[in-house]
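Just below is one structure, and these are the notes that go with it.
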Amino acid sequence: MGQAWHGFMSDTIIRVENLGKKYIIGHRPQGGVSKYSTLRDSLVNSAKSFWQNLIKPKSRVKRNQEEFWALQDVSFEVKQGECVGIIGRNGAGKSTLLKILSRITEPTTGRIEIGGRVASLLEVGTGFHPELTGRENIYLNGAILGMSRQEIKRKFDEIVAFAEVERFLDTPVKRYSSGMYVRLAFAVAAHLEPEILVVDEVLAVGDAAFQKKCLGKMGDVSSKQGRTILFVSHDMEAITRLCSQAILLDDGFLKLNDQIDKVVSIYLQSNFSPKSQKTWSITQKDDNQVVCLITAKVHNKKQEVLGSFDITESIGITLQYEVFREGYTLIPGLKFFNESNINLFDSHDTTLTGSNKTKSKGIYNSTTWIPENFLAEGIIIIDAAIITPDPFEVRLYESRVAIFNVVDKLSEESSRGKYVGHFPGLIRPRLLWETKLQNGNNGKLLL
């Protein structure tokens with residue numbers, strides 16, 4: 001099981017080796033007692049079971065039970081100060097992994113080594129005693145984390161201010177709303193300086209403003225205080241903004257442990273349809289059809305098809321299509337949406353060659369580029385269309401031809417600069433700024 005160690009020669013703070021967790025799932029046997037059985041039925045079945053157990057030895061797993069492995073053969077290391085995202089579909093094993101790392105659940109196989117105190121936020125009210133007040137639970141949690149009363153007292157005012165529960169500080173926490181629970185629990189965990197902070201989707205219970213506040217605090221804890229964070233979330237924008245590394249779990253197995261943009265790219269490719277490239281069959285085209293899409297893809301300047309792009313790089317979108325009938329002016333266009341289905345902007349070919357000339361039969365490739373520092377971070381979804389302008393007619397329209405993720409890695413090269421908190425807005429252009437010092441005596445502008 002997890003244990004603290006001393007004397008490691010590296011800066012590794014978490015080491016997981018061949019970790020596995022098995023659960024036994026019970027099923028009601030077909031010939032067994034139903035919830036409408038009589039007392040006589042129950043007595044008869046009990047007697048049968050008694051004699052069967054005398055005749056046959058008990059097996060470790062009964063016939064009406066099933067083994068379920070939530071985790072299998074998981075191995076990885078986390079270095080001190082890293083912020084690691086843990087992502088995967090529901091049921092992939094993320095929460096089970098966090099429970100084992102938090103010493104809530106024992107592993108079935110393998111071992112973990114942890115080099116410091118762990119503060120966990122896995123479900124609402126974790127570690128709180130419902131009968132105690134908010135004030136008393138702050139001291140209780142601090143003591144569980146190994147903090148002295150003096151250390152807790154020194155951080156007390158910061159915790160209360162961050163959690164925004166001052167009015168209810170002396171109220172038993174059983175009367176708190178779920179949002180108040182989470183605010184206080186997160187404030188305690190983040191301010192009492194554990195070496196490792198483990199956070200599950202529990203933050204989703206809080207309101208949007210507090211979620212942003214928590215993400216900003218976790219960024220400070222990791223980047224400025226050098227503490228380690230394990231963060232589970234389905235919010236890829238939050239994951240990519242906060243984490244440098246990520247672990248992808250799939251059906252209990254570790255599928256990938258790599259840099260955040262690569263892991264998120266593969267996760268998005270496997271969970272969203274279509275991917276960042278889509279192909280259509282044109283074998284059964286309509287006799288009256290003028291044009292048909294062949295492929296749509298999102299790529300970088302090297303023509304590499306990717307699912308994730310840095311906010312500071314150009315992003316290319318290429319449509320390949322075949323024209324079957326001559327004499328039509330055919331203009332390709334794109335519609336861009338975010339994951340909330342907000343139409344960010346549209347674009348179509350307005351060049352003279354694209355908008356004025358008819359196309360002959362053949363296969364065409366039309367490419368447009370989204371400039372660097374234009375899109376905000378997050379998931380981008382593309383619809384594609386080909387139209388004729390005069391008279392206006394939509395010759396084809398395909399929804400969700402591609403989907404990709406935009407990542408802001410806090411490199412100070414985007415419009416966020418050194419700011420690490422939530423950055424609102426649907427787009428994020430890096431605008432040119434000019435600042436001059438004005439001399440109050442003569443009114444001249446000094447560079």
Side-chain angles (χ1 to χ4, degrees), residues 1-4 13-14 83 95-106 112 114-222 224-233 242:
M1 184 52 190
Q3 55 183 314
I13 196 168
I14 298 173
C83 186
S95 295
T96 300
L97 175 59
L98 293 194
K99 286 178 180 178
I100 293 174
L101 293 174
S102 303
R103 302 186 179 96
I104 294 171
T105 301
E106 289 275 350
I112 64 170
I114 298 176
R117 293 175 297 196
V118 179
S120 303
L121 275 173
L122 304 185
E123 44 188 70
V124 177
T126 300
F128 279 5
H129 192 296
E131 300 295 335
L132 299 181
T133 66
R135 183 189 304 274
E136 291 166 335
N137 271 295
I138 291 174
Y139 281 95
L140 174 63
N141 264 241
I144 291 172
L145 288 174
M147 310 292 288
S148 68
R149 188 173 182 83
Q150 197 61 35
E151 287 177 292
I152 301 168
K153 191 173 182 180
R154 190 170 65 248
K155 292 282 186 177
F156 188 87
D157 290 341
E158 288 182 48
I159 293 169
V160 174
F162 189 93
E164 303 170 6
V165 294
E166 188 172 4
R167 288 178 55 199
F168 309 98
L169 200 54
D170 294 306
T171 301
V173 296
K174 67 181 180 181
R175 296 196 172 92
Y176 283 17
S177 67
S178 58
M180 291 167 65
Y181 247 121
V182 169
R183 292 206 301 270
L184 187 57
F186 181 87
V188 172
H191 285 82
L192 291 184
E193 300 182 351
E195 280 74 26
I196 302 165
L197 180 61
V198 177
V199 183
D200 204 341
E201 285 279 17
V202 64
L203 291 183
V205 177
D207 57 71
F210 189 73
Q211 289 178 40
K212 296 169 188 175
K213 190 175 179 180
C214 290
L215 291 173
K217 180 63 179 176
M218 285 194 285
D220 290 342
V221 166
S222 177
K224 296 180 181 178
Q225 299 177 22
R227 303 185 185 278
T228 303
I229 296 176
L230 300 181
F231 181 40
V232 166
S233 179
L242 189 65

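Evaluation of the side chain to side chain donor-acceptor pair (under 3.5 Å) rule for Glu164 yields Lys213 as partners, not counting sequence neighbours.
The shortest side-chain heavy-atom distance between Thr105 and Thr96 does not fall under the 4.5 Å cut-off. Residues Lys153 and Tyr139 form a side-chain contact, since some pair of their non-hydrogen atoms from C-beta on lies under 4.5 Å apart.
Ile159 and Ala187 get closest at one heavy-atom pair: O-CB, 3.6 Å. Nearest heavy atoms, Arg103 versus Ile114: NH2-CB, 3.9 Å. In this structure, Ser95 and Asp200 approach most closely via the heavy-atom pair OG-OD2, 2.9 Å. Nearest heavy atoms, Pro172 versus Pro130: CB-O, 3.8 Å. In terms of heavy atoms, Ile152 sits closest to Ala143 at CD1-N, 3.7 Å. Smallest separation of non-hydrogen atoms from Met218 and Val199: SD-CG2, 3.8 Å.
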Exercise for the section: Report the C-alpha distance between Leu101 and Val118 in whole Å, list the side-chain angles of each, state the deciding distance to 0.1 Å, and finish with yes or no for side-chain contact (heavy atoms from CB on, under 4.5 Å). Expected result: CA-CA 8 Å; Leu101 293 174; Val118 179; over 6 Å; no

Exercise for the section: Please assess Val188 against Asn137 for the test side-chain contact (heavy atoms from CB on, under 4.5 Å), listing each intermediate value before the final yes or no. Expected result: CA-CA 9 Å; Val188 172; Asn137 271 295; over 6 Å; no

Practice task
Verify side-chain contact (heavy atoms from CB on, under 4.5 Å) between Val232 and Leu97, making sure each step is shown before the conclusion.
Solution key: CA-CA 10 Å; Val232 166; Leu97 175 59; over 6 Å; no

Handout entry: Evaluation steps, side-chain contact (heavy atoms from CB on, under 4.5 Å), between Leu184 and Ile138
Key = CA-CA 8 Å; Leu184 187 57; Ile138 291 174; 3.9 Å; yes

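For the atom pair CZ (Phe128) and OG1 (Thr133), the distance works out to 10.5 Å, reported to the nearest 0.5 Å. A distance of 6.5 Å separates CZ in Phe162 from NZ in Lys217, rounded to the nearest 0.5 Å. Distance check, rounded to the nearest 0.5 Å: CG of Leu230 to OG of Ser102 gives 8.0 Å. The distance from the CD atom of Glu136 to the CG atom of Asn141 is 12.5 Å, given to the nearest 0.5 Å. If you take CD on Glu131 and CZ on Arg175, they are separated by 8.0 Å, rounding to the nearest 0.5 Å. Here the CZ atom belonging to Arg135 is positioned 9.0 Å from the CD atom belonging to Glu166, to the nearest 0.5 angstrom.
Proximity of a side-chain donor or acceptor of Arg227 to a complementary backbone N or O of Pro194 within less than 3.5 Å is detected. Side-chain atoms of Asp220 never come within 3.5 Å of backbone atoms of Gln225 as a donor-acceptor pair (strictly under, hydrogens ignored). In this structure, the side chain of Glu151 engages the main chain of Ser148 through a donor-acceptor pair within 3.5 Å.
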